[in-house]
Amino acid sequence: MKHPTSAVIYFIIFKISMGLAKYHFIEKNDLEDKFPIPCDTIQQCEEFGLNAFKCVDNVCVCKDKMCEEPTIEVVVTKIGKDCKESLECKIEQSFCNEKGKCDCITNTVASEDKRKCLNVSYLIGSFCQENAQCASLNGICKEGKCGCPEDMHISKGICFKTVMLGLPCKKDEECSHTEFSNCKSHVCVCNQDYVKSKTDLKCLLKSQNFSSSCTEDIQCLSSFGLGSICDNGLCLCTELHQYKASINKCVLDARLGEQCSSHTDCHQPGRGESRLECFLGVCKCKSDYFEDEGYCIFNSSVSSISFGLRIHIKCCTMNISFLLILFFCSRTYSQSNFERLESFYYCKYDSDCDENSFCFGNDINNLGRCRCKENFILLERNRTVFECLAVAEGIDSPCTKDLQCQVNLRTPAVCSETENVCKCGHGAHLAEDKKCYRRIALGERCGSSYNCLLGDGTYGWCYVGYCSCKANYHPSEDGQRCIPSVPLGKTCVASESCIHTAANCYGGICKCVAGYIENDNNTVCLKAANKIGDSCAENSQCSAYITDAFCLKEVCSCRSAHHGYGNECVPDAYLGNRCTHSKECILSPEFQFSVHCQGGVCACVEGVTSENEYGCVIVPNSSAKVYFAHLLVVLGLIFVGYN
């Protein structure tokens, strides 16, 4: 009998093994060889948990054919590690995939340390622990919720790269951070009925109807043309333009004395009903008005004259002692189009009008309307309230409203809110004529050459409605200047001066860049040919890089009995012909490895010939190969002799 202490030690070892493993069945007597458990009685074996054992010769042995053996269990606790079955993957929501690796189940993703399978998030704002959960949204995990990185935005529930207007893009969603935009021709642009704001940050709706609401001039310009402007939130025509519904555009007024085709073409400066009509193809004053210093002045009918004629009075030129005439003559002013505007406010006397205004057009029988005095401009609050403001003389003159500045400085002028003086507005400049003009880039639409202010302070030319460089000048590479155009062969100081796109300034002379050649007249850079068969217009294109080549029917060619090889024309040499170099035998590229010059004669290359029209063919044995080669040499000689 073994010592009881030994039995206890064996028992402890056995129990530890049992705690670390599970069981499977093995043949009888295997267990006691591995774990000899001492005993005196069968009860001791049973106390050890070995119910299928009996005590024989003081050792617990199997009493049946099969008994239990403790075996080590495989435990995998990291995604991506080897496994044989899913039970080995001791990670929640994991399984053993077909590649024998522990993997996360569908709709879950491995954590950064590969120790957990986390639920995939499918909504921006949903709960998360790590960035991997938000990957399907192109997002990141921020403060426990899926969101977009700083340079991305949400579109259709997921994150897309934020691309601003005018920049390259791949998908519409990349542009969607700017409302009403899309990706067209790989660039973010505004949708069809929208235009880009002056800050390039918004797409603004084009004004659909005249006098519709707006926030920037471009909304009006895109719909009604260059004669339109956004004025106090409404699309209106600018000074000396009128709206024509038939073409839905603001067109330049035909003024007094100018040609016209209909009454609607004629309009005097200022608001209100036109005082002009088209008479015999020329704009004239209507019958109720007479011309005075280029303006049509209202003339009321004088019914008190006995012969009942309507007298068209030109003030102060007729010696008529009627009170009416004297009154009217006192109302003659040489005012600009702004100054002559009448308010909606009716009057009988000057005292009925507000400060800096007087009653105009009144007589004994008719009421007049209040009009601003000379050098004052009308600011209508509404149909019953108006104000006459002093016209600002020029830049930096005091003001309270933009309108005061725009009389003498044009519409781009504004009244500075901080200084209360006249300035040129955003994107405008003070030109040489002391008026404000919007700055227009080269190639864009303009109304005056003063719009075309360049980066060096000079002016371009407004030609057919677009800012252009003057004759013998062209735009610089940055588009900010007009630089002298230097033709080929002339003195230059910089490459951008050379007018041809394929020319640079070399040694102070404009010359064509590598790969191009001057034409025969030395006026244009033509692309030089690299091989026989390239297109051409002049012989110099072919001969520049290909020896003995010339231009034939707009294709670079070699002269008769010659062919192209690399960058030269070489004599033709057929099989059996005399030669000095293999290139003479290679009549076309497919013969590159078929023939060569051997012993001064063109022959087939041994062992690497290929079947082709030239004559070298592969045959089963060398004798036959020699036979065919010689036969074709003879045929070649016959062919050459025939030609």
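Basis for what follows: all heavy atoms, side chains included, without hydrogens, waters or symmetry-related copies.
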Point to revise | Evaluation steps, side chain to side chain donor-acceptor pair (under 3.5 Å), between Thr215 and Gln219 | key: CA-CA 8 Å; Thr215 56; Gln219 294 173 268; 2.9 Å; yes
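- Not counting sequence neighbours, the partners of Lys156 by the salt bridge (Lys or Arg N to Asp or Glu O under 4.0 Å) test are Glu173.
- At a threshold of 4.5 Å between non-hydrogen side-chain atoms, the residues Met152 and Asn138 count as touching.
- Taken to the nearest 0.5 Å, the CG atom of Asn530 stands 9.5 Å off from the CG atom of Asn567.
- Within the 4.5 Å cutoff, the side chain of Val595 has no heavy atoms near those of the Ser582 side chain.
- A distance-only check finds no donor-acceptor pair linking the side chain of Asn191 to the backbone of Asp193 [under 3.5 Å].
- The aromatic rings of Tyr194 and Phe180 lie parallel to each other, their planes meeting at an angle below 30°, with 60° marking the opposite boundary.
- Put simply, the side chain of Thr178 never gets that close to the backbone of Ser181: no donor and acceptor are under 3.5 Å apart.
- When atom types are taken as modelled, the side chain of Tyr473 and the backbone of Ser468 share no donor-acceptor pair closer than 3.5 angstrom.
- Rounding to the nearest 0.5 angstrom, the gap separating the CD1 atom in Ile499 from the OG1 atom in Thr523 is 10.5 Å.
- Residue pairs meeting the salt bridge (charged side-chain N to carboxylate O under 4.0 Å, His left out) criterion with at least one partner in residues 433-456, sequence neighbours excluded, are Asp217-Arg438.
- One distance of note links OH of Tyr243 with SG of Cys237; it measures 8.5 Å at 0.5 Å rounding.
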Practice item. Starting from the C-alpha separation in whole Å, work towards a yes-or-no answer on disulfide (SG to SG under 2.5 Å) for Cys159 and Cys148. Key: CA-CA 6 Å; Cys159 298; Cys148 295; 2.0 Å; yes
Point to revise | salt bridge (charged side-chain N to carboxylate O under 4.0 Å, His left out) assessment of Lys583 paired with Glu568 | key: CA-CA 10 Å; Lys583 60 187 177 183; Glu568 60 181 323; 2.7 Å; yes
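- Not a single donor-acceptor pair under 3.5 Å links the side chain of Ser212 to the backbone N or O of Phe210.
- A donor-acceptor pair under 3.5 Å is absent between the side-chain atoms of Gln480 and the main chain of Gly455, judged by distance alone.
- Distance check for Cys510 and Cys505: the SG atoms are not under the 2.5 Å cut-off.
- Surrounding NE2 of His596 are more than 12 heavy atoms belonging to other residues, nucleotides or ligands, all under 6.0 Å away.
- In this structure, the separation between SG on Cys446 and CG on Asn451 is 6.0 Å, given to the nearest 0.5 Å.
- Residues His562 and Pro571 are in side-chain contact: their nearest non-hydrogen atoms beyond the backbone lie under 4.5 Å apart.
- Between Tyr450 and Tyr459, the ring-plane angle classifies as perpendicular under the 30° and 60° cut-offs.
- Here the side chain of Gln208 pairs a donor or acceptor atom with the backbone of Lys206 at under 3.5 angstrom.
- Relative to the ring axis of Tyr437, Arg410 places its NZ or CZ within 45° and under 6.0 Å from the centre.
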Review point. Can you check side chain to side chain contact (heavy atoms under 4.5 Å, CB included) on Lys196 and Ile218, steps first, answer last?
Key: CA-CA 8 Å; Lys196 186 168 59 173; Ile218 188 63; over 6 Å; no
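- Nearest heavy atom pair, residue Pro475 against residue Leu442, reads CB-CD1, 3.9 Å.
- Sulfur-to-sulfur, Cys551 and Cys556 sit at least 2.5 Å apart at their SG atoms.
- Side-chain N/O atoms of Ser176 and Asp172 include no donor and acceptor closer than 3.5 Å.
- Distance check, rounded to the nearest 0.5 Å: CG of Asn519 to OG of Ser540 gives 7.0 Å.
- For the cysteines Cys230 and Cys214, the sulfur (SG) atoms lie within a distance shorter than 2.5 angstrom of each other.
- In the displayed structure, Asn472 atom CG is contacted under 6.0 Å by at most 12 heavy atoms of other residues, nucleotides or ligands.
- Of the two cysteines examined, Cys175 and Cys188, the SG atoms meet the criterion of being under 2.5 Å apart.
- A donor-acceptor pair under 3.5 Å is formed between the side chain of Gln404 and the backbone N or O of Lys401.
- Here the straight-line distance linking atom OG of Ser222 with atom CG of Leu204 works out to 9.0 Å at 0.5 Å rounding.
- Because its NZ or CZ atom is both nearer than 6.0 Å to the ring centre of Tyr516 and within 45° of the ring axis, Lys527 counts as a cation-pi partner of that residue.
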Practice item. Take Cys525 and Cys512 through the test disulfide (SG to SG under 2.5 Å) and record every step on the way to the result. Key: CA-CA 6 Å; Cys525 290; Cys512 295; 2.0 Å; yes
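- Judged by distance alone, the side chain of Ser197 and the main-chain N or O of Lys202 form a donor-acceptor pair under 3.5 Å.
- Taking the side chain as every heavy atom from C-beta outward, Val513 and Tyr506 approach each other to under 4.5 Å.
- No side-chain donor-acceptor contact under 3.5 Å links Asn248 to the backbone of Ala245.
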Name every donor-acceptor pair, under 3.5 Å, that has one atom in a side chain of residues 485-493 and the other anywhere in the protein, sequence neighbours excluded.
{"unit_1": "Ser485", "atom_1": "OG", "unit_2": "His474", "atom_2": "N", "d": "3.4"}
{"unit_1": "Ser485", "atom_1": "OG", "unit_2": "His474", "atom_2": "ND1", "d": "2.7"}

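- For the two cysteine residues Cys405 and Cys422, the thiol sulfurs sit under 2.5 Å apart.
- Considering only heavy atoms from C-beta on, Glu216 comes within 4.5 Å of Lys198 through its side chain.
- Counting heavy atoms from C-beta outward, Phe224 and Cys235 have side chains that approach closer than 4.5 Å.
- Cys pair Cys169 and Cys183 passes the test of SG atoms under 2.5 Å apart.
- Considering only heavy atoms from C-beta on, Val601 stays 4.5 Å or farther from Asn577 through its side chain.
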Practice item. Check the pair Cys469, Cys482 against disulfide (SG to SG under 2.5 Å), reporting the backbone distance first and the verdict last. Key: CA-CA 6 Å; Cys469 290; Cys482 285; 2.1 Å; yes
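- Residues Thr411 and Gln406 come closest through the heavy atom pair O-NE2, 3.1 Å.
- Side-chain atoms of Val421 and Ser397, non-hydrogen and from C-beta on, never get closer than 4.5 Å to each other.
- Counting non-hydrogen atoms of neighbouring residues, nucleotides and ligands closer than 6.0 angstrom, the CD atom of Glu496 exceeds 12 such neighbours.
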Review point. Given the rule in the side chain to side chain contact (heavy atoms under 4.5 Å, CB included) test, do Leu137 and Ile124 qualify, once you have shown the distances and angles that lead to the verdict?
Key: CA-CA 7 Å; Leu137 303 169; Ile124 295 293; 3.9 Å; yes
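- Residues His177 and Thr162 bring no donor and acceptor atom of their side chains to less than 3.5 Å of each other.
- Per the SG-SG cut-off, Cys542 and Cys536 are not bridged by a disulfide [distance not under 2.5 Å].
- Between the side chain of Ser223 and the backbone N or O of Ser207 there is at least one donor-acceptor pair closer than 3.5 Å.
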Check your understanding: Thr580 and Glu584: side chain to side chain donor-acceptor pair (under 3.5 Å), yes or no, with the steps?
Key -> CA-CA 7 Å; Thr580 57; Glu584 298 172 5; 2.5 Å; yes
Exercise for review: Start with the C-alpha gap between Cys579 and Cys597, add the side-chain angles, then the distance that decides, and say whether disulfide (SG to SG under 2.5 Å) holds.
Suggested key: CA-CA 6 Å; Cys579 57; Cys597 186; 2.0 Å; yes
